[in-house]
Student: 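Below is the structure I would like to discuss, written out as C-alpha cells.
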Amino acid sequence: MSSPRRPLVGGNWKMHLTVVETTAYLARFVPALESDGPEVVLFPGFTLLPAARELGPDGSVAIGGQDLHPEPRGAHTGDVSGPQLVDVGCSWVLCGHSERRHDHGESDDLVAAKVAAATAHGLTPMICVGETADERAADRTLEVLDRQLRAAVGAAVGAGVDRYALAYEPVWAIGTGLTATPQIAQDAHRFLRRLLAEVAGETRAESCRILYGGSVNPGNAADLISQPDLDGFLVGGASLDPEKFLTIIRACGS
Ligand code: PEP
C-alpha cells in the first residue's frame, strides 16, 4: 500500500547565498518543478526572504524562516519574530535545528516556546530532532528523540494545533558526508511515529510527514526514500545547487 502522506522536501540554505544568487537560483529551480511532485519549501536566510517570495507565478514553492523568537515583538536584538516572517511571505519555520540547539544553546523548553509561537502566528513548524554522535555511541538515541519530541510536539498539542512536520536529523550526519543507512533512518522514523501516536494520537501520527536530514544527496536519496516511514527530506548542502536539489526532489516521487 502506498503512503497516504504527500512527500515534503525542505531546502535549508543556512547562512549561504546573496539576493542576486537567490534570484538566479529560483530562475533555474522553479520552472523545473513538476506540479504533481512533492511539496517543496525553501528556508533561505532572513535577508533573502523578500527575494525568495518572488518565486514565480504559480507559488509552487513555499518559503520558511530558519528560526523565530518566541515573542511577537520587543527588545531582542538580532532576532526575528513570527509576525515578521509572515509579513515577508513565510508559511513555515524551522524549530530546533541542531545548529540552533548547539550554536545558540537552545533548550527543549525554548524550542517548545518557539513551536507554540509559530503556531500562534499561523506558521507551520518543521520540528527538528536528532542525537549527537556521542549520544548514539552511548545508546541514548531513543531517549534523546523521546525527550525532544515530547517537548516540541507537546507544545503544538497543547496549543490545539496539528499542523507541523518532523525532521529526524542525526547530528552526526549533518554536513559531515556521513548519512544514516536506510535502516537506521527507518528505525528512528518508526520510533518517532509510534511516539507521535502516544503524544498526538494515532490519526495524527499516520498523517504527519517525518523527513530525514543529514547529508542527503542525489546518490543516496532513492535508497533512503524507499523506507516506509520516510516522507521526504530536509536538505542542507545539496539544496544550494538547484540541479542536485531537483534530483533529490524527483527521487521522492509525488
Ligand atoms: C540540515 O542543515 O538540515 C542538513 C540536513 O544539512 P546537510 O544536508 O548539509 O547535512
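Hydrogens, waters and symmetry mates are skipped; everything else that's a heavy atom, side chains included, is used. Counting convention: from 1, in listed order, for ligands and their atoms alike. Computed from a predicted structure; not experimentally measured.
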Student: Could you pull out all residues at least two apart from W172 that satisfy ring-ring contact (aromatic ring centres under 6.0 Å, His included)?
Tutor: none
Student: Could you check whether the rings of F29 and F245 sit parallel, tilted or perpendicular, using 30° and 60° as the cut-offs?
Tutor: parallel
Student: Begin from the C-alpha positions of M126 and L8 and carry the test side-chain contact (heavy atoms from CB on, under 4.5 Å) through to its verdict.
Tutor: CA-CA 11 Å; M126 186 173 289; L8 170 64; 4.0 Å; yes
Student: Let me have the donor-acceptor pairs involving side chains of residues 37-46, under 3.5 Å, with sequence neighbours excluded, atom names and distances please.
Tutor:
residue, atom, partner, partner atom, Å
E39, OE1, R209, NH1, 3.2
E39, OE1, R209, NH2, 2.9

Student: Please answer whether the main-chain N or O of R101 pairs with a side-chain N or O of S98 as donor and acceptor at a distance below 3.5 Å.
Tutor: no
Student: Which residues pass the side-chain hydrogen bond (donor to acceptor under 3.5 Å, both in side chains) test with Q148, sequence neighbours left out?
Tutor: none
Student: Write out the protein residues near ligand 1, meaning a non-hydrogen atom under 4.0 Å from one of its atoms, in order of chain and number.
Tutor: N12, K14, H97, E169, A173, I174, G175, G213, G214, S215, L234, V235, G236, G237
